[in-house]
Amino acid sequence: YGRFGLDYNDANDRNVNGVSKTTITSRLRLQFDMSAETDGGVQFDARFRAQAESRDNNPGTAVFNGARFGVVYNGVRVNVGNIIGAVENMPGLYLETRTAGIGIDGAGFVSVVGNVNNEYFNWDAYSSAGSGANGVEVLYSANGFTGHLSYSTDNDSTVNPGVPNGNAGGPDRIGVMLAYSWNDFTVAAAHQSSDIMWEDKTLVSFAWDGGQYGARIAYADNDGIDKLGIYGNVDIGAASNLLLFWTDEDAVSATDVAAGRNDNRDAIAGSNQQEGSSYGIHYSYDLGGGASLEAGYRRASNDNDTFQVGAYFSF
Amino acid sequence: YGRFGLDYNDANDRNVNGVSKTTITSRLRLQFDMSAETDGGVQFDARFRAQAESRDNNPGTAVFNGARFGVVYNGVRVNVGNIIGAVENMPGLYLETRTAGIGIDGAGFVSVVGNVNNEYFNWDAYSSAGSGANGVEVLYSANGFTGHLSYSTDNDSTVNPGVPNGNAGGPDRIGVMLAYSWNDFTVAAAHQSSDIMWEDKTLVSFAWDGGQYGARIAYADNDGIDKLGIYGNVDIGAASNLLLFWTDEDAVSATDVAAGRNDNRDAIAGSNQQEGSSYGIHYSYDLGGGASLEAGYRRASNDNDTFQVGAYFSF
Amino acid sequence: YGRFGLDYNDANDRNVNGVSKTTITSRLRLQFDMSAETDGGVQFDARFRAQAESRDNNPGTAVFNGARFGVVYNGVRVNVGNIIGAVENMPGLYLETRTAGIGIDGAGFVSVVGNVNNEYFNWDAYSSAGSGANGVEVLYSANGFTGHLSYSTDNDSTVNPGVPNGNAGGPDRIGVMLAYSWNDFTVAAAHQSSDIMWEDKTLVSFAWDGGQYGARIAYADNDGIDKLGIYGNVDIGAASNLLLFWTDEDAVSATDVAAGRNDNRDAIAGSNQQEGSSYGIHYSYDLGGGASLEAGYRRASNDNDTFQVGAYFSF
């Protein structure tokens with residue numbers, strides 16, 4: 001798909017960091033899906049993507065990501081390589097917009113309850129521009145139920161090899177997710193356990209999709225930092241949708257900060273000030289033919305404002 | 001498309017720079033075009049390319065370029081990202097050959113009146129191997145008339161932010177181009193204004209395409225350095241075309257050199273010696289099926305000789 | 001194609017080099033072939049690939065390789081760019097498996113008689129992930145006979161330009177290969193001459209493919225180091241194939257080691273210990289639809305053990 005538009009971000013300033021407050025944000029993604037099926041009905045597939053992005057007026061050439069391989073048989077899927085990740089795959093984690101966030105490029109995804117205290121996206125997830133978690137995962141879906149188990153390990157440091165449970169190597173992560181849908185409701189829960197600090201987390205979500213109206217709540221315990229989110233959206237007329245969200249992030253404990261964790265507390269100088277509430281609004285207008293107009297504003301809990309408007313189209 | 005051939009360049013020498021005088025020059029380009037159309041007839045499109053090149057016996061792996069996004073409605077096109085650029089898009093700027101220059105890889109494009117004094121391609125142009133100018137442009141075509149306005153800005157340096165009109169950041173460029181075609185004639189003019197030194201330029205061209213014969217003159221004022229070009233080509237028999245060109249580049253002013261500009265004056269030691277005349281000849285033979293044989297010789301104004309012969313094919 | 005599986009390698013150790021003994025090994029390759037044909041029946045073609053790999057738990061994003069261009073007319077093919085290479089193209093060089101080696105990723109290709117003494121793949125060969133030899137080659141096939149001549153040159157060092165026959169530049173290589181097939185037999189020979197040390201080599205192979213059974217012997221003189229290989233495979237039932245190989249690598253001469261060559265002698269401390277025998281076994285089970293199960297074990301002459309099992313599918 002392609003999407004492009006204008007991004008107003010008050011954290012940019014031509015006189016401070018050299019970047020205009022208003023810049024072009026864009027992404028062009030082309031996905032290559034390949035598959036084969038055995039005589040016995042086992043399906044093999046593989047996927048990679050080429051994607052070009054521009055953010056904050058830093059345009060990039062397109063790059064490939066890492067490959068994911070899958071085997072599917074009787075509703076069970078096993079993936080290896082650049083896996084989806086159990087936490088990433090939890091229903092009710094992202095916004096009900098085409099960008100899964102606010103505006104054209106997601107605007108930092110402050111709406112996600114798993115993102116706190118500058119520890120954003122610290123779970124295994126499919127990477128569109130990098131090699132991704134080199135992991136293994138099993139998914140099973142039947143009768144509205146979905147189960148998902150993922151595992152990844154990174155090589156340890158050769159300087160300090162084999163150090164257990166420490167920072168010597170990249171993280172080893174285990175994720176598990178369960179979801180169940182019935183009528184207009186979906187309930188989901190996920191947990192990640194990691195061998196590096198501050199990455200153990202538990203997330204739950206409960207969503208209602210009543211057609212014209214939709215509502216959702218989500219909550220995460222991010223290794224001691226709670227974040228709660230409330231979301232609602234409504235169709236207006238035949239082609240428009242309006243979405244609102246509000247989240248609240250708790251303060252990190254002083255003990256964790258003393259142990260080396262980032263500080264998000266509002267009253268502390270030098271902290272990232274992410275404690276507290278974020279909120280945002282997003283408007284989408286369907287132009288037909290796979291194209292739509294997308295506009296969104298959000299205020300992050302550290303008082304950063306962004307407004308984005310642009311076009312999004314599928315091909 | 002693909003093109004490959006042999007390049008003889010007397011600036012290469014196995015005993016001086018380690019490169020044989022005769023080397024392989026090649027390019028393989030694969031273009032990805034994507035589009036979508038709304039119910040209201042607005043067309044969205046996007047493009048990127050993957051391209052592999054070899055020059056001077058330095059082969060490269062293929063790389064993607066940056067993406068360009070477009071919206072078209074009622075003859076008006078708005079592009080963002082890796083834009084075409086108003087100057088680049090001026091009719092009568094490039095040679096009437098498949099490579100838009102002499103030989104197989106353009107042989108340095110000394111035939112272009114906008115290229116002087118080692119300040120080559122210093123205007124916004126679509127980049128096939130890089131991310132390109134991250135700009136915005138508007139194009140309008142109707143009844144033989146084409147108008148084109150382009151704008152790009154680069155982030156400023158963070159060391160010396162906000163310095164106006166200087167080298168602290170990349171260039172901010174505005175380009176405008178107007179062209180009009182009637183019967184066998186096309187007249188065009190373009191102007192670029194830039195916030196860094198020596199990039200303001202004005203170009204004009206006048207071309208006649210009489211079927212078997214074609215002729216063109218072009219002229220540019222490159223921030224004080226004039227360059228004039230005269231071009232002619234003739235079809236020979238059913239499949240051959242012969243093209244000749246001659247250009248003359250003026251000397252840079254001593255004031256500009258004192259202000260830090262490159263020196264192109266012939267009489268000066270240490271200058272690039274590009275003052276004066278370049279000329280070249282190109283022969284093309286159409287093999288049918290989208291393939292052709294291309295051969296060209298040119299002598300640049302700094303006395304560099306190149307001769308190239310090879311094949312060019314579309315797919 | 002795609003292939004992925006598990007690799008057990010006793011040279012890896014979480015406590016020594018930080019890599020688990022058992023890791024994911026995978027490759028996803030997408031090939032782009034383009035062609036055009038002239039009215040006179042001359043065919044032009046070009047190829048490049050995008051490939052993503054993971055070995056030893058180091059996942060990579062997909063990358064393009066360098067391009068190869070070809071002209072074909074009346075059974076004669078001329079390629080330029082990322083050429084195949086005459087030695088690489090010799091029948092009977094690689095194993096009769098889908099990976100051309102043991103297991104899922106070839107397991108180091110110790111079965112190849114041209115690979116000795118840590119001087120692996122020191123001949124011109126098509127590169128799937130790099131730019132390849134920037135060379136020229138001519139191939140001719142008719143009535144079971146194939147002839148192949150390849151040439152590549154690399155730029156010399158600019159520090160020490162034009163030094164003949166030395167390490168100042170990359171290698172200049174000439175390769176020649178002849179093969180002949182009749183009934184179930186194929187005999188082939190190849191030779192490479194290089195201007196850098198230890199790369200002159202001569203290889204021969206003789207293969208018999210009797211349908212259910214196949215057998216092959218191969219031999220190479222790798223600039224003084226002989227390597228002999230014996231290979232056999234048998235179809236078992238409708239879908240299985242079992243392959244065995246044994247190779248024996250001679251010791252390097254003490255004179256060569258004194259002149260700076262790698263040491264492969266078993267009795268010497270600090271040598272790579274590659275003198276002596278390697279052997280392996282590979283099992284393939286065809287799942288239909290282009291997919292198969294592949295499993296292989298091999299013990300290299302330096303006592304390195306690997307076992308791999310996984311899936312391989314075409315698309």
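A, B, ... follow the sequence lines: proteins, then strands. Residue 1 opens every chain.
- Listed by first then second residue, pairs satisfying salt bridge (Lys or Arg N to Asp or Glu O under 4.0 Å) with a partner in residues 29-39 of chain A read A:Asp33-A:Arg47, not counting sequence neighbours.
- Looking at residues two or more places apart in sequence or on another chain, you find a side-chain hydrogen bond (donor to acceptor under 3.5 Å, both in side chains) between C:Ser54 and A:Asn134.
- Neither the backbone nor the side chain of A:Asn82 comes within contact range of chain C; no heavy atom of the residue lies under 4.5 Å from a heavy atom of that chain.
- Note on ring orientation: taking the six-membered ring where Trp is involved, the planes of C:Phe32 and A:Phe32 are perpendicular (angle over 60°, cut-offs 30° and 60°).
- Closest non-hydrogen pair, C:Ile24 versus A:Val80, comes out as CD1-CB, 4.4 Å.
- Only the backbone of C:Asp56 comes within contact range of chain A, judged by heavy atoms closer than 4.5 Å.
- Within a 6.0 Å sphere centred on CZ of A:Phe145, other residues, nucleotides and ligands contribute more than 12 heavy atoms.
- Remark: A:Tyr140 OH is loosely packed, at most 12 non-hydrogen atoms of other residues, nucleotides or ligands lying under 6.0 Å away.
- A:Phe44 places a side-chain heavy atom less than 4.5 Å from the side chain of C:Leu287.
- Around OH of C:Tyr120, the count of heavy atoms belonging to other residues, nucleotides or ligands within 6.0 Å exceeds 12.
- Considering CE of A:Met34 and CZ of C:Phe313, their distance stands at 8.0 Å, rounded to 0.5 Å.
- At least one side-chain heavy atom of A:Val71 sits under 4.5 Å from a side-chain heavy atom of C:Phe4.
- In this structure, the separation between OG on C:Ser20 and CG on A:Asp172 is 7.5 Å, given to the nearest 0.5 Å.
- Scanning residues 59-68 of chain A against chain C with a 4.5 Å heavy-atom cutoff picks out A:Phe64, A:Asn65, A:Gly66, A:Ala67, ordered by number.
- The side-chain hydrogen bond (donor to acceptor under 3.5 Å, both in side chains) search around C:Asp266 returns none, not counting sequence neighbours.
- A:Ser35 and C:Phe315 get closest at one heavy-atom pair: O-CB, 3.6 Å.
- Within a 6.0 Å sphere centred on OH of C:Tyr285, other residues, nucleotides and ligands contribute 12 heavy atoms or fewer.
- Within the 4.5 angstrom heavy-atom criterion, no atom of C:Thr23 approaches chain A.
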